[in-house]
Asker: 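The structure follows.
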Amino acid sequence: MHVSEIMSAGVQTVRPGTPAATARERMRTRGIHHLLVVEGGEMRGVLSARDLVLRGRRGAAAKLVAGDFMTPRVVAVKPETS
């Protein structure tokens with residue numbers, strides 16, 4: 001079995017400078033819990049709804065950006081990886 005057989009395609013992305021409130025709203029409206037943080041065509045991290053809850057209060061998050069909450073060390077594999 002290859003990763004391509006079980007992975008999700010068409011994932012949602014944000015830039016590190018995207019306001020955290022905007023990222024939270026995108027997750028809510030699309031019914032998802034994770035966003036890839038991408039800049040310059042490269043993945044810089046992953047942002048989860050849990051990151052937003054655990055690392056910031058609702059009011060404070062309005063002034064912060066996705067890069068402040070993302071998990072920067074992400075392990076990625078190619079679709080053909082078994």
Side-chain angles (χ1 to χ4, degrees):
M1 177 179 285
H2 292 102
V3 171
S4 62
E5 298 173 57
I6 58 172
M7 70 182 202
S8 297
V11 296
Q12 295 293 306
T13 65
V14 292
R15 293 177 185 239
T18 300
T22 300
R24 179 188 296 116
E25 182 62 15
R26 184 176 296 175
M27 287 182 204
R28 187 189 69 74
T29 59
R30 297 192 185 262
I32 58 176
H33 300 282
H34 297 85
L35 294 167
L36 296 182
V37 182
V38 178
E39 185 174 50
E42 293 189 27
M43 185 167 57
R44 302 290 183 202
V46 64
L47 177 65
S48 72
R50 188 168 189 220
D51 290 333
L52 293 170
V53 170
L54 293 178
R55 296 183 188 164
R57 294 183 303 272
R58 213 173 256 278
K63 297 178 179 96
L64 299 172
V65 296
D68 295 327
F69 291 92
M70 73 180 190
T71 301
R73 286 176 244 121
V74 178
V75 176
V77 297
K78 294 184 179 195
E80 57 273 6
T81 302
S82 64

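Atoms considered below: every heavy atom in the structure, side chains included; atoms not considered: hydrogens, waters and symmetry mates.
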Asker: Taking atom NE2 of H34 and atom CE of M70, what is their separation to the nearest 0.5 Å?
Answerer: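 Between atom NE2 of H34 and atom CE of M70 there are 14.5 Å.
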Asker: Any link between M43 and V46 through a network of hydrophobic side chains (Ile, Leu, Val, Met, Phe, Trp, Tyr) touching at under 4.5 Å?
Answerer: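 They do share one cluster, since a chain of ILVMFWY contacts under 4.5 Å joins M43 to V46.
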Asker: Output the rest of the hydrophobic cluster of M7: all Ile, Leu, Val, Met, Phe, Trp and Tyr residues reachable through side-chain heavy-atom contacts under 4.5 Å, sorted by chain and number.
Answerer: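 Cluster partners of M7: V3, V77.
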Asker: Return yes when atom NE2 of H33 has more than 12 non-hydrogen atoms of other residues, nucleotides or ligands closer than 6.0 Å, and no otherwise.
Answerer: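 12 or below, so no.
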Asker: If you measure from CD on E5 to CD on E80, what distance do you get to the nearest 0.5 Å?
Answerer: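 Going from the CD atom of E5 to the CD atom of E80 covers 12.0 Å.
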Asker: Is it true that V37 and I32 fall in one hydrophobic cluster, defined by side-chain heavy atoms closer than 4.5 Å?
Answerer: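 Yes: a chain of side-chain contacts under 4.5 Å links V37 to I32.
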Asker: Would a distance-only check, ignoring hydrogens and angles, find a side-chain to backbone donor-acceptor pair under 3.5 Å from R26 to T13?
Answerer: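 Here the side-chain-to-backbone pair exists.
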Asker: What's the spacing between L36 CG and L47 CG if we round to 0.5 Å?
Answerer: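 Going from CG on L36 over to CG on L47, the span is 10.0 Å.
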Asker: Minimum heavy-atom separation for V14 to A66, with atom names?
Answerer: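 Smallest heavy-atom distance, with atoms named: CG2-CB, 4.1 Å.
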Asker: Of all heavy-atom pairs between A20 and L52, which one has the smallest distance, and what is that distance?
Answerer: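 Nearest pair, atom of A20 first, then L52: CB-CD2, 4.0 Å.
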Asker: Kindly give the heavy-atom pair with the smallest separation between S48 and M27, and that separation in Å.
Answerer: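 Looking at all heavy atoms of both residues, the shortest contact is C-CE, 3.9 Å.
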